[in-house]
Asker: 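This is the structure I want to talk about, given as structure tokens.
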Amino acid sequence: MPTLEATRRQFVRTAALSAASAVIGSRAAAQPPTPPGGMELPVLPGVTWDKAPCRFCGTGCHVQVGVKDGRVVAVSGDRRAEVNKGLLCVKGYHVGHILYGPDRLTRPMLRRNGRLEPITWDEAIETIAGRIQAAPAKFAFYGSGQWTVSEGYAANKFIKGGLGNNHIDPNARLCMASAVTGYISTYGVDEPYNCYDDLDHCDVLILWGNNFAEMHPVLFSRFIDRKLRGDKVTLIDLTTRLTRTSERADHVFVFQPQSDLAIANCIAQQVIAADAVATDFVAKHCTFRKPWKRPGDPQTLMGEPCSFDEYKQFVAEYTPEAVSKTSGLSVEQLRLLGSLFADRSKRISSLWCMGMNQHTQGTAINNLVHAIHLLSGHWGRPGDGPQSLTGQPSACGTVREVGTLSHALPGDLRVDKPDQAAKAEALWNLPPGRINPKVGYHTVQMWEKFCTPADRGGDIDTLWVQVTNPGQSLPNLPKLFEKKPADKFLIVSDVYPTATTELADLVLPSAMWVEKNGVYGNSERRTQQWFKMVNPPGEARDDCWQTIAVARKLFDLGHPGMKDKDGRFLFHITDGNGREVPVWRWESYYGTVNVDEKLYEEYRPFTQIKHKDVAPYRELTKARGLRWPVVKQPDGTWKETRYRFLEEFDPYVAKGKGVQFYHSVAGDDKAFIWFRPYVPPPEVPDKEYPLWLDTGRVLEHWHTGTMTRRVPQLKRAVPAAYVEVSREDAAALGLKTGDKVRLETRRGSLELTAWIDGRGRCPKGHVFVPFFDETKPINRLTLDAHCPFSKEPDYKKCAVRLVKVSA
Amino acid sequence: MTSGLVVALDPAGGDGVPGAVGAVPAFTVGEATAGWLSVALEAADAAGSEWWADWLRRLPGVAGVEVVFVHWDGADPEVTRADA
Ligand code: SF4
């Protein structure tokens with residue numbers, strides 16, 4: 001007779017096998033099936049399951065989280081989720097582990113005499129409120145694309161509706177701000193019109209500087225599956241170094257840093273030369289744009305109108321022969337790209353992420369990739385269009401939609417447009433004029449002001465960081481982080497000690513992921529909700545509660561900004577009987593009301609202003625995310641939108657229009673086809689610093705590694721940062737794998753282990769370093785030069801030299 | 001630690017994979033459909049699980065391994081300090 005233990009193990013084994021079989025059943029079937037036995041979850045004694053999005057990248061996979069006795073004990077890919085269809089990557093597989101590190105922060109701590117000492121929450125909240133009350137204009141909030149929607153919304157309302165200084169910006173400034181300015185200056189409104197379904201329909205997938213296999217692995221599998229099934233699909237990897245993505249690509253085109261601008265213009269030149277412009281589409285739906293009045297003037301974000309003939313003249317010089325010299329691609333490779341765009345029988349999907357966004361010409365290259373798709377008519381059919389991806393789970397939901405950038409308000413509104421600010425004031429029930437029309441500090445400015453002494457113009461003296469680790473992720477750390485003057489006050493809410501808590505004056509322990517209620521918005525406009533499933537450790541509390549508690553303390557201290565125009569608290573939350581719930585007290589926060597739902601529903605009307613209607617919270621509780629605009633149907637159901645601006649899919653397109661860019665910049669329902677010239681990078685290799693330095697991520701580690709470096713399996717897989725060196729450069733320097741080398745830039749130096757022909761392979765003259773390792777902070781060396789429009793810094797290229805230290 | 005895995009078989013040469021995997025006691029092999037094989041993997045701890053998953057990834061005829069399920073069998077997941 002089997003023992004109880006044997007039976008239990010058999011149970012779990014059967015559950016594991018049936019989960020895998022069910023995923024295969026779903027994948028193999030032509031129609032989305034219900035696997036045998038339905039979509040039921042593995043039956044495990046004592047385990048309850050609930051859905052949540054994975055928090056480790058912008059893909060937005062859904063997992064089912066198994067909880068037993070108040071702890072997460074199992075994770076299963078969610079088969080009902082359209083994004084991942086039950087699959088998870090190696091990070092998602094470990095997402096349940098990250099709650100249980102032995103050094104979780106569990107008590108508020110204040111630095112006294114150089115040491116962090118435990119204090120009470122009351123003391124912590126009083127300390128923050130006291131600093132803000134003393135100098136509200138000198139306070140700034142630095143947040144994240146990992147903030148939940150309500151966390152970001154509360155922080156945004158607190159700053160822009162309450163304090164009125166607009167100094168709030170998220171870490172997403174560092175990863176996707178150029179995509180935002182690219183969309184806005186092309187279509188008049190932010191965020192992709194398309195969705196991941198393009199991966200199922202394209203004939204050609206072009207990755208623009210995007211290591212898709214490692215950064216969005218589940219989406220990459222979704223595409224590669226088609227190849228395995230025998231679909232005739234072509235993968236083109238446009239890259240500056242060989243990666244795991246290159247291994248699966250049909251064509252690998254290695255280009256010189258910054259020359260993506262020239263390559264895009266070269267494609268446009270060839271489309272025109274081949275007489276392959278989508279004349280009807282362009283005439284009906286597009287106008288041309290140049291970046292200045294006259295060549296040589298400074299470029300502007302919204303540019304000037306130009307004619308097709310002018311545009312044609314501008315791109316004329318970008319012939320394959322000329323661009324071959326700038327880009328390092330062969331004329332044949334450039335011709336292949338040109339001929340693909342000139343052929344409308346094939347559907348082309350372009351994807352990008354940090355490679356195009358972290359760029360001093362980030363807005364320009366975003367404009368140009370949209371331009372070649374619009375010009376050639378590779379736009380609008382499923383599988384045929386350009387789409388940016390995000391690196392964080394709610395860079396879209398919380399940063400772009402909630403508007404936590406320093407110029408923005410929820411719903412794509414701006415602080416510096418009086419009519420738009422008035423709309424926000426009305427929705428927030430604020431007195432007219434409460435919102436300050438002056439744009440706040442963007443990330444680089446904010447940290448520069450914080451790290452500059454007050455008597456030299458450093459007018460930020462208290463900075464609160466939530467859900468991010470700028471002490472490792474900011475560029476040029478010696479300038480933007482390490483110089484923090486002793487009299488400035490840094491507050492950090494986090495779950496683990498980090499490079500940022502090292503310098504913090506006040507550390508607040510936060511709840512994470514399924515320790516709290518939350519809503520995220522992924523890269524394809526999909527809003528995703530989850531419920532709290534387990535308690536946070538010790539005294540850790542939700543970031544959103546922390547913000548509300550400080551706001552309430554300021555209200556009690558008489559700060560006028562913490563009141564609406566009727567004198568009520570800025571976060572006036574009521575129960576079903578209309579009675580105010582004191583959610584600023586932790587014991588009431590998870591009491592009679594769901595604060596997450598209340599704030600989300602307060603925010604939702606903002607999203608309707610620019611036709612980005614997110615779904616009602618109650619609908620989200622039932623779905624694995626819904627892509628906005630989500631519109632109520634006559635039968636009372638809610639329908640998501642796969643493709644915007646297309647009449648077939650988008651209910652906001654006027655009948656008979658076919659395609660309508662209803663938020664176009666010029667108000668004519670037309671998108672802009674931009675010309676932007678090739679502009680050299682701000683720092684190029686020279687005699688002193690002869691190599692290019694590129695930085696980025698690896699599959700196993702989530703950004704700065706504060707969570708994934710605590711999971712032994714992930715840490716063992718990639719234990720430490722390294723420098724990838726080409727064979728040629730290694731030979732010239734007498735280096736072999738394992739040798740210690742010192743990297744030196746004009747900003748700093750760092751010792752690393754050399755890896756020749758490792759996981760990635762750099763071409764001659766280039767090196768690559770991942771940024772996940774707190775002990776080897778490569779951002780001490782990177783450049784803080786940024787795109788003039790998006791203000792996103794360029795982490796992908798600066799000049800470096802290598803010095804061999806030891807064998 | 002028990003995991004549910006989806007193994008993508010190499011179209012040219014994946015035929016031997018179910019047999020090779022089935023011969024290892026840590027694995028229970030499920031069905032092979034349209035180029036994929038479902039597998040349950042049981043190991044004493046996370047390190048063993050990782051070792052076998054890695055072995056599977058390197059097995060000739062395997063084009064990829066994806067994870068769909070993980071259960072920690074009542075033990076706390078093994079997580080350390082980042083500097084451990
Ligand atoms: S691809 Fe991203 S969202 Fe999906 S499981 Fe991996 S880390 Fe999580």
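Below, all heavy atoms of this structure are taken into account, side chains as well, without hydrogens, waters or symmetry copies.
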Asker: Side chain from CB out, backbone as N, CA, C, O: work out which of these in B:Leu37 comes under 4.5 Å of a heavy atom of chain A, or both, or neither.
Answerer: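 Only the backbone of B:Leu37 comes within 4.5 Å of chain A.
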Asker: Working to the nearest 0.5 Å, report the span between CZ of A:Arg13 and OG1 of B:Thr28.
Answerer: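 A:Arg13 atom CZ to B:Thr28 atom OG1 measures 4.5 Å (nearest 0.5 Å).
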Asker: What option among A:Gly46, A:Ala74, A:Gly66 has the most heavy-atom pairs under 4.5 Å with chain B?
Answerer: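 Greatest number of close heavy-atom pairs with chain B: A:Ala74.
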Asker: With a 4.5 Å cut-off on heavy-atom pairs, point out which of A:Asp69, A:Val47, A:Leu88, A:Thr14 contacts chain B the most.
Answerer: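 Winner by heavy-atom pair count: A:Leu88.
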Asker: Are A:Leu87 and B:Val68 close enough, and set up right, to give a side-chain contact (heavy atoms from CB on, under 4.5 Å), and what steps lead you there?
Answerer: CA-CA 5 Å; A:Leu87 295 178; B:Val68 295; 3.7 Å; yes
Asker: Where does B:Val7 contact chain A at under 4.5 Å (heavy atoms): side chain, backbone, both or neither?
Answerer: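 No part of B:Val7 comes within 4.5 Å of chain A.
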Asker: So for B:Val67, is it side chain, backbone, both, or neither that comes closer than 4.5 Å to the heavy atoms of chain A?
Answerer: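 Both parts, heavy atoms under 4.5 Å.
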Asker: Measuring from B:Glu66:CD to A:Lys85:NZ, what's the distance to the nearest 0.5 Å?
Answerer: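 One finds 12.0 Å between CD of B:Glu66 and NZ of A:Lys85.
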Asker: Suppose we screen for ring-ring contact (aromatic ring centres under 6.0 Å, His included). Which residues come up paired with A:Phe772, at least two apart in sequence or across chains?
Answerer: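 A:Phe772 satisfies ring-ring contact (aromatic ring centres under 6.0 Å, His included) with A:His701 once adjacent residues are dropped.
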Asker: Going by heavy atoms in the side chains, are A:Leu17 and B:Phe27 under 4.5 Å from each other?
Answerer: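 With C-beta onward as the side chain, the pair stays apart.
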Asker: Of all residues at least two apart in sequence or in a different chain, which pass the ring-ring contact (aromatic ring centres under 6.0 Å, His included) check with A:Phe223?
Answerer: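 Partners of A:Phe223 by the ring-ring contact (aromatic ring centres under 6.0 Å, His included) criterion come out as none, since no residue qualifies.
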